[in-house]
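These values consider heavy atoms only, across backbone and side chains, with no hydrogens, waters or symmetry-generated copies.
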Amino acid sequence: MRIWVLLALCAVTILLLVSLAFDQARRERESLEEITHRVFLDIEIDGQRAGRIVIGLYGKVVPKTVDNMFLIAENFRALCTGEKGKGTTAKDLHYKGTPFHRIIPGFVIQGGDIVFGDGRGSESIYGGTFPDENFKLKHSSAGVVSMANSGPDSNGSQFFITTVKASWLDGQHVVFGRVIQGMDTVYAVEGGAGTYSGKPRKKVKIIDSGVIPISKWEDES
């Protein structure tokens, strides 16, 4: 009888420990995925307004800092506002007016080439490119926002938004945000302009972009 009691106590203890471990992992994940900034991209397709994409940025997931600002989140945020002026290529460091140059149905919509607008150029607010910060967050669903690159440590201004779970990209591209409003616009871009080659069949442009102040977050919900 004593053996059974001991076994039962051991089983309960193990279950409690497992439960605590899962709870801790959940809290850590929620902490990483805390949204610190919201930015918007207003989109048009062939000159017709398609809608607004609101992106939440994960400031806490990128601990490496520059002037007390989060590296990847700050790069994307500043490119949305255009506050840094012109870059080393004499082009505006701003997403406004730039196209989505690569749109593949069932995969991604990609934009952010502020240099050439066709996928050949990319420049960060830090000048040129900058290193991969970490790969803590995954391409776990549609709506993940991640840095496009040309290999390790080559982040610039280009980014993509997934339209499906894309786990094969984990460890290769830095996830820094997610779409919190406007996935209907993302899917409109994917379905209305996407091709399997990736070359858009319609012109998709970011006609405006910027930061949504915290005081306006409820209005955007």
Treating Ile, Leu, Val, Met, Phe, Trp and Tyr as nodes and any side-chain heavy-atom pair under 4.5 angstrom as an edge, say whether [X] and [Y] lie in one connected cluster.
X: Ile206; Y: Val108; result: no
X: Ile55; Y: Met183; result: yes
X: Ile35; Y: Val54; result: yes
X: Ile43; Y: Ile109; result: yes
X: Leu41; Y: Tyr187; result: yes

Q) Are Lys203 and Asp46 close enough for a salt bridge, meaning some N to O gap below 4.0 Å? A) no

(Q) Check this for me: does any side-chain nitrogen of one of Arg120 and Asp113 sit under 4.0 Å from a carboxylate oxygen of the other? (A)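 A salt bridge is absent here (no side-chain N lies under 4.0 Å from a carboxylate O).
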
With rounding to the nearest 0.5 angstrom, report the [atom1] to [atom2] distance, [X] to [Y].
X: Asn155; Y: Ser146; atom1: CG; atom2: OG; result: 8.5 Å
X: Asp118; Y: Lys199; atom1: CG; atom2: NZ; result: 10.0 Å
X: His101; Y: Phe116; atom1: NE2; atom2: CZ; result: 12.5 Å
X: Lys205; Y: Phe100; atom1: NZ; atom2: CZ; result: 13.0 Å
X: Tyr126; Y: Lys84; atom1: OH; atom2: NZ; result: 7.5 Å
X: Ile212; Y: Ile180; atom1: CD1; atom2: CD1; result: 7.0 Å

Quick one: does any side-chain atom of [X] pair with a main-chain N or O of [Y] as donor and acceptor, under 3.5 Å?
X: Gln158; Y: Asn149; value: no
X: His94; Y: Cys80; value: yes
X: Thr195; Y: Pro200; value: no
X: Arg201; Y: Gly194; value: yes
X: Thr162; Y: Ser141; value: yes
X: Thr36; Y: Tyr58; value: no

Q) Can you list the steps and then say if Arg38 with Lys216 is a side-chain contact (heavy atoms from CB on, under 4.5 Å)? A) CA-CA 10 Å; Arg38 288 187 185 186; Lys216 300 289 186 182; over 6 Å; no

(Q) If you apply the rule side-chain contact (heavy atoms from CB on, under 4.5 Å), what do you find for Val144 with Lys138, and how did you get there? (A) CA-CA 8 Å; Val144 167; Lys138 310 302 180 186; over 6 Å; no

Q: May I ask you to check whether His37 and Phe76 place their ring centers less than 6.0 Å from one another?
A: no

Q. Do Phe159 and Tyr95 make the cut of ring centroids closer than 6.0 angstrom?
A. yes

For a quick test of reading the model, state the closest non-hydrogen atom pair linking [X] to [Y] and the distance between them.
X: Ser154; Y: Ser150; result: OG-N, 2.9 Å
X: Pro105; Y: Ile103; result: CD-O, 3.8 Å
X: Gly117; Y: Pro99; result: O-CG, 3.1 Å
X: Gly156; Y: Ser122; result: CA-OG, 3.2 Å
X: Gly87; Y: Leu93; result: N-CG, 3.6 Å
X: Ile114; Y: Glu123; result: CD1-O, 3.6 Å

Q) Within a strict 4.5 Å, meaning less than it, do heavy atoms of the Ser209 and Val39 side chains meet? A) no

Q) Are side-chain heavy atoms of Val179 and Val145 found at a separation under 4.5 Å? A) yes

Q: Tell me, yes or no, whether the heavy-atom count around Lys96 atom NZ, taken from other residues, nucleotides or ligands under 6.0 Å, exceeds 12.
A: no

Q | Derivation and outcome, side-chain contact (heavy atoms from CB on, under 4.5 Å), residues Phe176 and Arg77 | A | CA-CA 11 Å; Phe176 63 93; Arg77 186 200 66 77; over 6 Å; no

Q) Only one of Ile53, Asp208, Val211 forms a side chain to side chain contact (heavy atoms under 4.5 Å, CB included) with Phe40, so which one is it? A) Asp208

Q: Any chance you could lay out the side-chain contact (heavy atoms from CB on, under 4.5 Å) test for Arg52 and Thr185, step after step, and finish with the verdict?
A: CA-CA 7 Å; Arg52 170 170 286 194; Thr185 302; 5.8 Å; no

